[in-house]
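Here is the structure we will look at.
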Amino acid sequence: MTIVRFAPSPTGYLHVGGARTALFNWLYARNTGGKFILRIEDTDAKRSTQTATQAILDGLTWLGLDWDDGPYFQSERMSIYQKYAQKLIDENKAYYCTCSVDELDEQKKQAVSIGRAAGYDGRCRDTGAKQGVLRFKTPDGNTVFYDLFRDKFEFENSLIGDFVLVRSDGTPTYNFTCAVDDALMGMTHVIRGDDHIPNTPKQLMIFAALGFNPPKFGHLPLILGTDKSPLSKRHGAVSVMAYQEQGFLPEAMVNYLALLGWSTSDSQQLFSREEMIEKFSLKRITKNPAVFDMEKLQWMNGVYIKQAKPEELASLCKKLQKEETEGTEETKNIQLEEIIKLYQGRIKVLPELYSLADFFFSSEIHIPEEICQEILFKDGVQETLTETKNVLSALEMFDPVTIEEAIRTLAERLGIKAGDIIHPLRAVLTGKKVSPGIFEVCALLGQERVVQRLNATIER
RNA sequence: GUCCCCAUUGACUAGGGGUUAGGUCACCACCCUUUCAAGGUGGCGGCGGGGGUUCAAAUCCCCCUGGGGACGCCA
């Protein structure tokens, strides 16, 4: 059985890159019927926070990436790491080092100045010290592995140096805990960002020293911003949850993220979750870094919005809207769904609804001067509007078909184009030049409000 | 400085010795139409450069260039 994991450190929110890594692991586990484990790497007490842990859990949950096991917290597994550290000491595969930070800096500076690798040179190997940091006794030779997505990697061990396993305060470091846990938890594949490539030989050496069988490693390329530098705040939101707040649907986010580095042979773009799981394959992961493209995410979100059930969108909108909308509880609840039906083919993100359809949510509307000049103050328009009001207020049914019929009949009677009625009517009812079909808008607004808005304009 | 990774249109990518280099977003045009979207049709645009190997190179090899990563008692 394949066992994979997502192992974030809780030092911030779940960012886009981390989410993609989690997604690929999750997809692989689901595709193979394996197990997806969540492990929180919080060995650095100074930087880890409870808030960050929660944020990561929330992010994964929002995306629908459920884990089969965990979350494990490395901070709760200290005795395990201690045990293995002792084992390495006993077997003479690790030793204590008492070099000071200054000394280390100096040594590094020197090494670099003479063109040598910057790793620790192992000068404390034979001092027999009983305290300080515990360092791994990096063996001679090379460490080789075959990456799942790339070719062969070969590292010269001497360039890596004797790295730290346990800090002087007794807490273990990343490379050590990661290797121990990946071994103990039975990981078959480790899929992670390619910023971890330099760590892999270290972990491989730990596996070997401890007598564990290593998993297969695959390193995912980074996700870049539009200027091709690594994705950061400069490029907009990097936190996954920020996308939720901006009105993106988790399905769209997942679909988009999946395409950042993975593809099918026919370049299919839209996948249901099931389809994605079924078609996912490590063999089809690309090794070049991808630029995160907001435009495409927006397009995709628009597609998902269009396909979504109005009631689901309504409940998402209600969660998002906070205090930005006016209007009565009644309009919100009763009409929201109907409004959504009118707009779901037109918006890319949920909050757009509130700017485009604001005239549904407030009783008073404001018609910008520009629209008055351009549309309402033209010759004959006032008369047309009066006629329109008379026709509409007399209707007994107020559904789109009836309204359309009435308007078209009126246009014929007045000897003008239907558009000559529709455009002023739209301006009066919505305060905008663009809206969904005007007959639907009328019907949903209701006869009373339509007549009221017409009157308000005519009287001016 | 040392080690390492990457390179197909503006973006995501397919293709991996012989293709009119395919799809998607974006962009442009047209159709539809009460506007805007949506939808439909069509279009613009690409193998970073130089050397090899080969009858044949986007594809294999080398160099260059460009971009990125790592060199922590961070993960």
Side-chain angles (χ1 to χ4, degrees), chain A residues 7-11 41-44 46-48 74 97 99 101 104-105 108-109 111-120 132-135 147 150-151 153-156 159-161 163-175 177-178 192-199 201 219 221-222 224 226-230 256 259-270 284 286-300 302-303 306 343-348 356 404 407-408 411 417-423 425-427 430 432-439 441:
Chain A
S9 67
T11 52
E41 312 227 315
D42 57 352
T43 51
D44 185 357
K46 289 189 232 29
R47 304 201 319 150
S48 303
Q74 292 191 321
C97 158
C99 292
V101 175
L104 259 19
D105 277 354
K108 182 179 169 181
K109 222 183 292 171
V112 168
S113 74
I114 58 168
R116 289 272 314 154
Y120 182 67
V133 298
L134 188 69
R135 285 187 185 273
D147 190 272
R150 306 170 202 236
D151 255 337
F153 280 87
E154 186 159 5
F155 295 86
E156 208 177 307
L159 262 26
I160 295 170
F163 54 93
V164 174
L165 300 173
V166 180
R167 303 183 184 94
S168 50
D169 68 358
T171 58
T173 62
Y174 166 72
N175 283 116
T177 58
C178 183
R192 61 191 355 176
D194 72 5
D195 47 335
H196 281 291
I197 289 175
N199 289 324
H219 295 90
L222 292 166
L224 310 177
T226 37
D227 61 355
K228 303 249 181 186
S229 69
Y256 179 70
L259 258 23
L260 253 29
W262 170 73
S263 64
T264 55
S265 60
D266 60 355
S267 289
Q268 182 178 339
Q269 299 295 308
L270 270 8
R284 299 203 55 91
T286 181
K287 56 192 171 183
N288 28 322
V291 172
F292 188 88
D293 181 13
M294 229 6 203
E295 300 268 17
K296 187 160 179 181
L297 206 212
Q298 295 227 355
W299 162 75
M300 200 170 269
V303 171
K306 205 182 318 162
Y343 282 92
Q344 64 181 140
R346 294 162 214 269
I347 59 175
K348 301 267 188 264
L356 293 179
E404 176 161 11
I407 296 289
R408 292 199 188 280
K417 288 181 293 184
D420 293 333
I421 300 176
I422 288 166
H423 295 300
L425 182 58
R426 170 176 290 114
T430 70
K432 298 179 196 306
K433 284 197 274 189
V434 305
S435 80
I438 197 65
F439 310 119
V441 168

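Only this structure's heavy atoms are used, side chains among them; waters, hydrogens and symmetry mates stay out. As the structure is a computational prediction, the values presented were derived from the model and not from experiment.
Comparing the C1' positions of B/rG43 and B/rU33 gives an interatomic distance of 22 Å, to the nearest angstrom. For the P atom pair drawn from B/rA29 and B/rA70, the interatomic distance equals 44 Å after rounding to whole Å. Atom C1' of B/rG16 sits at a distance of 23 Å from the matching atom of B/rC64, rounded to the whole Å. Taking the P atoms as reference points, B/rU13 lies 15 Å from B/rG48, given to the whole Å. Taking atom C1' on both B/rU53 and B/rC12, the two are 33 Å apart, rounded to the nearest angstrom.
Toward the 5' end of RNA chain B, the nearer of the two residues A/D293 and A/I197, judged by each one's closest nucleotide, is A/I197.
For the 3.5 Å distance criterion, the side chains of A/N175 and A/T173 fail to qualify, holding no donor opposite an acceptor.
For A/D194 and A/R150, the salt-bridge test passes: some basic side-chain N is under 4.0 Å from an acidic carboxylate O.
For A/R167, the salt bridge (Lys or Arg N to Asp or Glu O under 4.0 Å) criterion is met by no residue, not counting sequence neighbours. Annotation: salt bridge (Lys or Arg N to Asp or Glu O under 4.0 Å) contacts of A/D42 (sequence neighbours excluded): none. Listed by chain and residue number, A/W262, A/S263, A/S265, A/S281 satisfy the side-chain contact (heavy atoms from CB on, under 4.5 Å) test with A/R284 (two or more places apart in sequence, or in another chain). Under the rule for a salt bridge (Lys or Arg N to Asp or Glu O under 4.0 Å), A/R346 has no partner lying at least two apart in sequence or in another chain. For A/K432, the side chain to side chain donor-acceptor pair (under 3.5 Å) partners at least two apart in sequence or on another chain are A/D358. Contacts of A/S267 classified as side chain to side chain donor-acceptor pair (under 3.5 Å), with partners at least two apart in sequence or in another chain: none. In this view, A/F163 and A/F136 satisfy the ring pair (Phe, Tyr, Trp, His ring centres under 6.0 Å) rule, not counting sequence neighbours. Partners of A/K417 according to the salt bridge (Lys or Arg N to Asp or Glu O under 4.0 Å) rule, which considers only residues two or more places apart in sequence or in another chain, do not exist here.
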Could you go through nucleotides 18-23 of chain B and list every protein N or O atom that sits under 3.5 Å from one of its N or O atoms, giving the distance for each pair?
residue: B/rG22; atom: N2; partner: A/S267; partner atom: OG; Å: 2.6
residue: B/rG23; atom: N2; partner: A/Q269; partner atom: NE2; Å: 3.2

Would you tabulate the nitrogen or oxygen pairs shorter than 3.5 Å linking the protein to nucleotides 46-48 of chain B?
none

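Looking at heavy-atom distances under 4.0 Å, A/T286 makes contact with sugar-phosphate atoms alone, never a base. Contacts of A/K417 with the nucleic acid, taken as non-hydrogen atoms under 4.0 Å apart, are absent.
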Handout entry: Where protein sits on nucleotides 64-75 of chain B, one letter per nucleotide: B base, S sugar-phosphate only, - none, heavy atoms under 4.0 Å
Key = ---SSSSSSBBB
Handout entry: Summary of protein contacts for nucleotides 28-37 of chain B, nucleotide by nucleotide, where a base hit scores B, a sugar-phosphate-only hit scores S (4.0 Å, heavy atoms)
Key = ------BBBB
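Between atom OH of residue A/Y120 and atom CG of residue A/L104 there is a gap of 6.5 Å, rounded to the nearest 0.5 Å.
Side chain of A/Y256 to backbone of A/D293: a donor-acceptor contact under 3.5 angstrom is found.
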